[in-house]
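Input: a single structure, listed below in structure tokens.
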Amino acid sequence: MAITNGMYERTYTSKVFKQNTPKEKKEKHPFPWKRFLWVVAGLLFVTAVVVLIRAPKLQVSNVEIMGVNVTDPEDVSTIVNSYLEGHYLYFLPRSSMLLVPTAVITRHVRGQFPRFSSVDIRRKGVDRLVVSVVEHEGKYLWCENQESCFFMTKDGVVFAPAPFFSGDAYEKIFVGQKKDLPFRPMTDSTFSIVESLRERLPTIEIVPKLFRFVSEHQVDIIFVHNGDDASLIIDPSSPLDETLEDL
């Protein structure tokens with residue numbers, strides 16, 4: 001009976017204390033104003049950038065081509081404008097001055113026009129692109145055959161198809177194989193032979209109009225003699241001074 005009373009006392013005491021113990025207060029978290037303000041500021045910044053990119057006054061409306069002599073400037077303008085059509089992410093215009101990829105367009109223009117030795121694209125004002133180019137100058141004709149010839153620079157770079165020439169405006173060179181334009185069909189040493197012959201043969205009254213590299217030891221040179229074509233065969237592996245002295 002004593003045990004039972006003891007158990008009752010303990011149970012009663014625990015209930016009384018439990019009822020009289022104040023309830024724990026829930027911890028309140030303050031509103032994250034700092035984080036909220038950063039988010040709002042970020043959204044405002046992104047919105048401002050998008051509005052600026054889409055602003056009509058900042059869209060490219062004029063492409064100016066400078067430096068072309070042979071190439072049609074409209075062809076160049078068409079290539080540049082093709083890169084300004086459409087949108088990024090469906091709503092950012094590619095024509096925006098803030099998004100124009102000048103380096104990418106420069107590489108593309110050079111690839112489309114092998115005649116250009118250099119291409120430079122710059123922004124001018126808020127709505128204009130200026131494309132400045134330098135064209136290769138032809139000094140020779142590099143030929144696959146009599147019907148298919150290409151312009152070659154003074155440095156030996158083949159850069160553009162040439163129209164059919166009935167006269168002898170350019171010396172023709174037959175050597176190497178055709179590759180993607182622009183390309184070099186001969187080594188520097190081989191090209192230096194052509195340059196030397198072109199410069200020194202006229203001193204002995206031989207004006208070459210065609211060089212045909214037949215083999216490592218044979219170059220056929222066609223020139224005009226008494227109104228008719230004549231042929232001269234030399235060994236390019238021999239010292240040029242000795243060859244000219246023998247001639």
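Nothing here was measured: the structure is a model prediction, and the numbers come from that model. We number each residue from 1, following the sequence as shown.
Counting heavy atoms from C-beta on, the side chains of Tyr83 and Val100 never come closer than 4.5 Å. Thr102 is not listed as a side-chain neighbour of Arg122, based on a closest heavy-atom distance of 4.5 Å or more.
Between the side chain of Arg128 and the main chain of Glu64, no donor-acceptor pair closer than 3.5 Å is present. At distances below 3.5 Å, not a single donor-acceptor pair connects side-chain atoms of Arg198 with backbone N or O atoms of Pro208. Looking only at distances, no side-chain donor or acceptor of Glu144 sits under 3.5 Å from a matching main-chain atom of Lys178. Under the 3.5 Å distance criterion, the side-chain polar atoms of Asp155 are left unmatched by any main-chain donor or acceptor of Val157. When atom types are taken as modelled, the side chain of Ser96 and the backbone of Ile53 share a donor-acceptor pair closer than 3.5 angstrom. Between the side chain of Ser117 and the backbone N or O of Val134, at least one donor-acceptor pair lies under 3.5 Å.
Seen from the ring of Phe174, Arg212 counts as a face-on cation partner, given the 6.0 Å and 45° thresholds.
For the atom pair Gln112 CD and Thr78 OG1, the distance stands at 11.5 Å (nearest 0.5 Å).
For the residue pair Ser61/Asp127, the side-chain donor-acceptor check at 3.5 Å is satisfied.
When the side chain to side chain donor-acceptor pair (under 3.5 Å) test is applied to Ser82, no partner is found at least two apart in sequence or on another chain.
Taking a 6.0 Å sphere around CG of Asp188, one finds it holds 12 or fewer heavy atoms contributed by other residues, nucleotides or ligands.
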List the steps, then state whether side-chain contact (heavy atoms from CB on, under 4.5 Å) holds for Val207 with Val224. CA-CA 7 Å; Val207 181; Val224 177; over 6 Å; no
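Using cut-offs of 30° and 60° on the angle between ring planes, the pair Tyr170 and Phe151 is perpendicular. Ring pair Phe113/Phe116 is parallel by interplanar angle, where below 30° counts as parallel and above 60° as perpendicular.
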